[in-house]
Engineer: 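Starting off with a structure, shown below.
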Amino acid sequence: MTSSYRINYQLRAHKRDPLIEFIKGLLLTPFILHAKPRKPVLTSPQISGHESIDTILATGNGTSNVNQDDRNDYQEEEKPMVDANLQRYLEIMKSVEVMIEEHRRKAVKGVPEHSRLHRIVPSVASFFTPLPLEAAFLVANAKHSIAARRFVPPSFNDIRRILNTAQVMAIAPTINLITFDGDMTLYDDGTSFTEASPLIPLLITLMRAGLRVAIVTAAGYPGDAGKYEERLMGLLRVFDQQKLSEKLLERFYVLGGECNYLFRCGWKKSDATGEPVVGLTYIHPESYQPSDMLAWKHEDIQELLDVAEENLKRSVSAMNLKAMILRKSRAVGIVPLENAKIAREQLDECVLSTQQRLLEYQQMSGPSKTAIPFCVFNGGNDVFVDIGNKLIGVQVLQTYLGAAPEATVHVGDQFLSTGNDFATRSSCCTLWIVSPEETEGVLKELTPLLTIPAEDA
């Protein structure tokens with residue numbers, strides 16, 4: 001059953017991606033007009049055996065409710081129908097591809113708002129590379145039979161995957177830096193990297209191809225490499241078992257707390273045994289953070305977190321949530337009590353109300369106080385307010401590692417406006433996945449397109 005509440009909730013901007021919805025609407029038109037059902041095989045007491053509707057119309061057999069007009073209600077031969085649908089879909093994807101390229105040209109001139117795409121989708125983000133959508137559609141169609149479907153039109157997920165494939169095709173020749181979210185991107189929510197993860201060989205291949213690989217996560221443990229090593233234990237053990245060189249290991253980074261705590265991978269002495277092991281080394285902020293980040297005052301950070309905590313407590317009380325407040329040095333959030341589950345709508349309410357409260361607080365503070373960047377996001381089963389955001393995190397890595405936006409891609413699952421991957425769209429290319437299995441899929445598309453130098457093979 002679909003209630004008006006559910007319809008209204010789903011129509012809210014924070015649950016939709018305008019560009020995907022635009023493409024989805026374009027593809028819906030040929031589906032509605034041309035994707036008719038197959039011709040049925042009819043049975044009737046007046047008909048001996050099974051006859052097609054064409055046979056009935058030609059011989060005059062059958063009941064009086066079958067007439068010549070019925071011929072138009074059904075699709076012609078299967079293969080011509082699929083070919084015709086595919087051609088219509090390809091024409092639409094090529095048209096969107098051209099619109100994106102025009103938007104990119106206008107952006108270079110400093111007037112992206114003058115593009116046709118911006119006029120139709122005003123919230124459209126930046127495009128740092130061309131997107132070969134026509135070619136990507138052919139790849140997706142081979143996997144998911146989009147053009148052959150008669151009852152299920154091209155979906156949100158179809159288009160999301162097509163955009164991912166197009167981005168992989170476009171960035172593969174020049175990619176220099178790839179960043180990943182943690183939970184639900186590299187491993188299931190609340191779990192850790194295991195040695196059996198099929199992603200590990202793919203990540204090593206990326207490193208061998210010369211890419212810098214970084215995990216940009218909301219998990220914040222100030223300067224504590226051990227906590228991150230626990231979450232990544234399986235990955236680090238495989239690095240150790242394969243005796244990867246220091247040169248390769250130095251291409252792997254972890255940036256925690258959205259943008260606050262940076263670690264580099266490498267060989268170091270085990271605290272327990274004194275033997276060489278693969279681990280993480282903390283990099284002091286002065287080495288990589290820009291001056292405006294270093295200027296954030298402790299008292300301003302704590303004051304902003306106090307306001308966020310007050311609003312979160314109010315939300316917990318107002319909705320009678322079975323949750324507790326968790327305060328960290330640069331974050332505050334709500335997490336469910338043991339065996340409790342918080343509904344998606346309740347999480348979104350906490351996010352949107354806290355965003356609004358913090359924006360009001362910063363507006364009321366006046367120009368004399370530095371506006372500390374923050375991120376409020378729905379983590380799937382919790383809500384957190386972090387100081388900084390992944391936009392800053394990716395930009396920090398780009399500056400530190402010398403990677404341009406058009407050579408950087410961020411992979412994550414939280415690209416709706418209540419998610420913490422959303423902000424990265426302003427600083428790099430993105431791949432929107434929904435599970436570690438999809439991450440594996442996009443990396444299997446990317447790795448064959450990369451060149452591995454002989455010395456790293």
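If you read the sequence from its start, that first residue is 1, and numbering goes on from there. Note that these values count all heavy atoms, side chains included, but never hydrogens, waters or copies made by symmetry.
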Engineer: Measure across Cys265 and Val278 and return the closest heavy-atom pair with its distance rounded to 0.1 Å.
Structural biologist: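 Nearest heavy atoms, Cys265 then Val278: SG-CG1, 3.6 Å.
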Engineer: Is there a side-chain contact between Thr354 and Val383, using heavy atoms and a 4.5 Å cut-off?
Structural biologist: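 They are not in contact (no side-chain heavy atoms under 4.5 Å apart), so the answer is no.
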Engineer: With no hydrogens and no angle check, do the side chains of Arg357 and Gln362 hold a donor and an acceptor under 3.5 Å apart?
Structural biologist: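 No, Gln362 and Arg357 have no side-chain donor paired with an acceptor closer than 3.5 Å.
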Engineer: In chain order, what residues pass the side chain to side chain donor-acceptor pair (under 3.5 Å) check against Glu438, with sequence neighbours excluded?
Structural biologist: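 Applying side chain to side chain donor-acceptor pair (under 3.5 Å) to Glu438 gives Arg160.
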Engineer: Quick one, Thr408 with Phe128, criterion side chain to side chain contact (heavy atoms under 4.5 Å, CB included). Give me CA distance, side-chain angles, the key distance, then yes/no.
Structural biologist: CA-CA 9 Å; Thr408 305; Phe128 296 100; over 6 Å; no
Engineer: Check whether the side chains of His103 and Ser115 place a donor and an acceptor atom closer than 3.5 Å, and report yes or no.
Structural biologist: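 Side-chain D/A pair, His103 to Ser115: present.
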Engineer: Any side-chain to backbone donor/acceptor pair from Gln398 onto Ser427? Under 3.5 Å, distance only.
Structural biologist: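 Side chain of Gln398 to backbone of Ser427, a donor-acceptor pair under 3.5 Å: yes, one is there.
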Engineer: Which atom pair, heavy atoms only, marks the closest approach of Pro132 to Ala166?
Structural biologist: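 The answer is CD-O, 3.3 Å.
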Engineer: Does any part of the side chain of Leu391, heavy atoms only, come nearer than 4.5 Å to the side chain of Gln395, both counted from C-beta?
Structural biologist: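 Yes; the side chains approach each other to less than 4.5 Å.
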Engineer: Hey, could you give me each pair passing salt bridge (Lys or Arg N to Asp or Glu O under 4.0 Å) that has a residue in residues 104-114? Not counting sequence neighbours.
Structural biologist: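 Every pair satisfying salt bridge (Lys or Arg N to Asp or Glu O under 4.0 Å) with a residue in residues 104-114: Glu101-Arg104.
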Engineer: Can you name the nearest heavy-atom pair linking Asn378 to Asn381, along with the distance?
Structural biologist: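 Where Asn378 meets Asn381 most closely, the heavy atoms are OD1-N, 4.4 Å.
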Engineer: Are the side chains of Gln346 and Leu321 in touch, meaning some heavy atoms are under 4.5 Å apart?
Structural biologist: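 Of all side-chain heavy-atom pairs linking Leu321 with Gln346, at least one is under 4.5 Å.
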Engineer: Between Asp300 and Lys297, is there a donor-acceptor pair closer than 3.5 Å when you use the side chain of the first and the backbone of the second?
Structural biologist: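 Looks like no, no N/O pair under 3.5 Å.
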Engineer: Rounded to the nearest 0.5 Å, how far apart are CG of Leu280 and CG of Leu262?
Structural biologist: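 With rounding to 0.5 Å, CG (Leu280) is 10.0 Å from CG (Leu262).
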Engineer: Going by ring pair (Phe, Tyr, Trp, His ring centres under 6.0 Å), name the residues that satisfy it together with His284, two or more places apart in sequence or in a different chain.
Structural biologist: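 Result, ring pair (Phe, Tyr, Trp, His ring centres under 6.0 Å) vs His284: Tyr282.
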Engineer: Are Phe422 and Trp432 close enough, and set up right, to give a ring-ring contact (aromatic ring centres under 6.0 Å, His included), and what steps lead you there?
Structural biologist: CA-CA 10 Å; Phe422 179 79; Trp432 185 351; 9.0 Å; no
Engineer: Run the side-chain hydrogen bond (donor to acceptor under 3.5 Å, both in side chains) test on Arg161 and Asn164 for me, step by step, so that the C-alpha distance in whole Å, both residues' side-chain angles and the decisive distance to 0.1 Å come before the verdict.
Structural biologist: CA-CA 5 Å; Arg161 288 189 290 258; Asn164 286 345; over 6 Å; no
Engineer: What pairs meet the ring pair (Phe, Tyr, Trp, His ring centres under 6.0 Å) rule with one or both residues in residues 165-208, with sequence neighbours excluded?
Structural biologist: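 Applying ring pair (Phe, Tyr, Trp, His ring centres under 6.0 Å) to every pair that reaches into residues 165-208, excluding sequence neighbours, yields Tyr187-Phe193.
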Engineer: What closest approach, in Å, do Thr451 and Pro453 show between heavy atoms, and which atom pair accounts for it?
Structural biologist: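 Answer, listing the atom of Thr451 first, then Pro453: O-CD, 3.6 Å.
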Engineer: Around atom NZ of Lys328, are there more than 12 heavy atoms of other residues, nucleotides or ligands at under 6.0 Å?
Structural biologist: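 Atom NZ in Lys328 is packed in, count exceeds 12.
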Engineer: Say you draw a straight line from CG of Asp348 to CG of Leu352; how long is it, rounded to the nearest 0.5 Å?
Structural biologist: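 With rounding to 0.5 Å, CG (Asp348) is 6.0 Å from CG (Leu352).
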Engineer: Determine yes or no for a side-chain-to-main-chain donor-acceptor pair under 3.5 angstrom, with Asp413 supplying the side chain and Thr185 the backbone.
Structural biologist: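 Not confirmed, Asp413 side chain does not pair with Thr185 backbone.
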Engineer: When rounded to the nearest 0.5 angstrom, what distance separates CD in Glu286 from OG in Ser291?
Structural biologist: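 Answer for the CD-OG pair, Glu286 versus Ser291, is 12.5 Å.
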Engineer: Verify, without hydrogens or angle tests, whether Arg330 (side chain) and Asn260 (backbone) share a donor-acceptor contact under 3.5 angstrom.
Structural biologist: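 No; judged by distance alone, with no hydrogens or angles, the pair does not exist.
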Engineer: Could you check Tyr89 against Phe31 for ring-ring contact (aromatic ring centres under 6.0 Å, His included), going step by step and ending with a plain yes or no?
Structural biologist: CA-CA 9 Å; Tyr89 289 150; Phe31 176 84; 7.7 Å; no
Engineer: Answer yes when Lys390 and Asp421 have at least one side-chain N-carboxylate O distance shorter than 4.0 Å, and no when they do not.
Structural biologist: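 Judged by the 4.0 Å cut-off on N to carboxylate O distance, Lys390 and Asp421 do form a salt bridge.
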Engineer: Using only heavy-atom distances, determine whether the side chains of Glu258 and Asn420 contain a donor-acceptor pair under 3.5 Å.
Structural biologist: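 The answer is yes; a qualifying pair exists.
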Engineer: Can you tell if the side chain of Gln356 reaches within under 4.5 Å of the side chain of Tyr361, non-hydrogen atoms only?
Structural biologist: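 SC-SC contact between Gln356 and Tyr361 ruled out.
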Engineer: Below 30° counts as parallel, above 60° as perpendicular, anything between as tilted: where do the rings of Tyr400 and Tyr253 land?
Structural biologist: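 Tyr400 vs Tyr253 ring planes: perpendicular.
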Engineer: Would you name the heavy atoms of Leu347 and Gly380 that are closest together and state the gap between them?
Structural biologist: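 Heavy-atom minimum between the residues: CD1-O, 3.5 Å.
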Engineer: The criterion is side chain to side chain donor-acceptor pair (under 3.5 Å); which residues satisfy it with Thr129, sequence neighbours excluded?
Structural biologist: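 Checked Thr129 against side chain to side chain donor-acceptor pair (under 3.5 Å); matches are Gln167.
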Engineer: Under 6.0 Å from the CZ atom of Arg116, do we count more than 12 heavy atoms belonging to anything else shown?
Structural biologist: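 Check fails, neighbour count at 12 or below.
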Engineer: Rounded to the nearest 0.5 Å, what separates atom SG in Cys429 from atom CG in Leu163?
Structural biologist: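 Nearest 0.5 Å value for the SG-CG distance: 12.0 Å.
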Engineer: If you round to the nearest 0.5 Å, how far is OG1 of Thr439 from CE of Met184?
Structural biologist: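 These two atoms lie 9.0 Å from each other.
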Engineer: Taking NZ, NE, NH1 and NH2 as the nitrogens, is one of them in Arg425 or Asp17 under 4.0 Å from a carboxylate oxygen of the other?
Structural biologist: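 Answer for the salt bridge query: yes.
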Engineer: Run the side chain to side chain contact (heavy atoms under 4.5 Å, CB included) check on Val168 and Thr165 step by step: do they pass?
Structural biologist: CA-CA 5 Å; Val168 166; Thr165 298; 5.7 Å; no
Engineer: Sub-3.5 Å donor-acceptor pair from the side chain of Gln302 to the main-chain atoms of Glu299, do we have one?
Structural biologist: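 No; zero donor-acceptor contacts below 3.5 Å.
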Engineer: Salt bridge check: are Arg327 and Glu309 linked by an N-O gap of less than 4.0 Å?
Structural biologist: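 Salt bridge present between Arg327 and Glu309.
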Engineer: Can you name the residues that form a salt bridge (charged side-chain N to carboxylate O under 4.0 Å, His left out) with Lys444, not counting sequence neighbours?
Structural biologist: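 Once residues adjacent in sequence are excluded, the partners of Lys444 under the salt bridge (charged side-chain N to carboxylate O under 4.0 Å, His left out) criterion are Glu440.
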Engineer: Is a side-chain N or O of Asp386 found less than 3.5 angstrom from the main chain of Gly388, in a donor-acceptor match?
Structural biologist: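 No; judged by distance alone, with no hydrogens or angles, the pair does not exist.
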Engineer: Checking the side chain of Ser287 only, and the main-chain atoms of Ile283 only, is there a donor and an acceptor separated by less than 3.5 Å?
Structural biologist: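 Judged by distance alone, no pair lies under 3.5 Å.
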Engineer: Once the angle between the rings of Phe263 and Tyr228 is folded into 0 to 90°, is it parallel (under 30°), tilted (30 to 60°) or perpendicular (over 60°)?
Structural biologist: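 Answer is tilted, since the angle falls between 30° and 60°.
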Engineer: Walk me through whether Glu91 and Arg88 qualify under salt bridge (Lys or Arg N to Asp or Glu O under 4.0 Å).
Structural biologist: CA-CA 5 Å; Glu91 289 172 358; Arg88 294 181 187 108; over 6 Å; no
Engineer: Assess whether side chain to side chain contact (heavy atoms under 4.5 Å, CB included) is satisfied between Val351 and Phe377, documenting all intermediate values.
Structural biologist: CA-CA 6 Å; Val351 170; Phe377 67 96; 5.6 Å; no
Engineer: On a heavy-atom basis, which atom in Leu177 and which in Ala403 lie closest, and how many Å separate them?
Structural biologist: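 Smallest interatomic distance, heavy atoms only, reads CB-CB, 3.7 Å.
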Engineer: Below 4.5 Å, heavy atoms only, C-beta onward: do Leu358 and Val307 meet side chain to side chain?
Structural biologist: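 Of all side-chain heavy-atom pairs linking Val307 with Leu358, at least one is under 4.5 Å.
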Engineer: Do Thr174 and Glu406 pair up side chain to side chain, a donor and an acceptor below 3.5 Å, judged on atom types alone?
Structural biologist: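 Short answer, no.
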Engineer: Looking at Arg149 and Asp158, does any basic side-chain N land under 4.0 Å from a carboxylate oxygen?
Structural biologist: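 A salt bridge is present here (some side-chain N lies under 4.0 Å from a carboxylate O).
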Engineer: Could you grab the distance from atom OG1 of Thr179 to atom CG of Leu401, nearest 0.5 Å is fine?
Structural biologist: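 Between atom OG1 of Thr179 and atom CG of Leu401 there are 10.5 Å.
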Engineer: Can any side-chain N or O of Asn141 pair as donor or acceptor with the backbone N or O of Ile146 at less than 3.5 Å?
Structural biologist: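 Yes.
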Engineer: Passes side chain to side chain contact (heavy atoms under 4.5 Å, CB included), Leu203 versus Leu235? Steps please.
Structural biologist: CA-CA 9 Å; Leu203 294 178; Leu235 176 68; 4.1 Å; yes
Engineer: Going by atom types alone, do Asn311 and Ser353 pair a side-chain donor with an acceptor below 3.5 Å?
Structural biologist: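 Side chains of Asn311 and Ser353: pair found under 3.5 Å.
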